[in-house]
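Nothing fancy with the numbering, it's 1 onward along the sequence.
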Amino acid sequence: MTKYKCVRCGKEFDGLLEGPVRCPYCSFRVIEKVRPDVVKTVRAE
Ligand SMILES: [Zn+2]
């Protein structure tokens with residue numbers, strides 16, 4: 001699932017639709033995609 005972050009209020013929200021979405025909190029239209037950091041932890045046992 002793609003997450004978005006509003007550049008105005010900084011809140012993160014899930015993208016419900018494909019394409020541009022608006023911030024549900026302040027209706028700001030400039031948002032950025034947030035990629036969840038994939039941290040690979042390899043443990044050798
Ligand atoms: Zn916002």
Side-chain angles (χ1 to χ4, degrees):
M1 182 178 294
T2 304
K3 282 204 163 190
Y4 294 94
K5 180 181 179 182
C6 174
V7 301
R8 188 187 190 193
C9 65
K11 300 210 176 200
E12 295 183 3
F13 50 94
D14 294 327
L16 301 178
L17 302 173
E18 293 184 6
V21 294
R22 290 196 304 176
C23 174
Y25 302 99
C26 67
S27 297
F28 201 59
R29 291 196 296 174
V30 180
I31 55 175
E32 61 183 10
K33 281 186 182 178
V34 177
R35 287 186 183 177
D37 291 329
V38 179
V39 180
K40 292 183 180 178
T41 302
V42 179
R43 179 175 300 181
E45 297 192 31

Verify same cluster id: V34, F13 (apolar side-chain graph, 4.5 Å): no

Gap separating the CZ atom of R29 from the CZ atom of R8, nearest 0.5 angstrom: 12.0 Å

Where V7 and V30 come nearest, the two heavy atoms and their spacing: CG2-O, 3.1 Å

Single-linkage hydrophobic cluster Y4~F28, side-chain heavy atoms < 4.5 angstrom: no

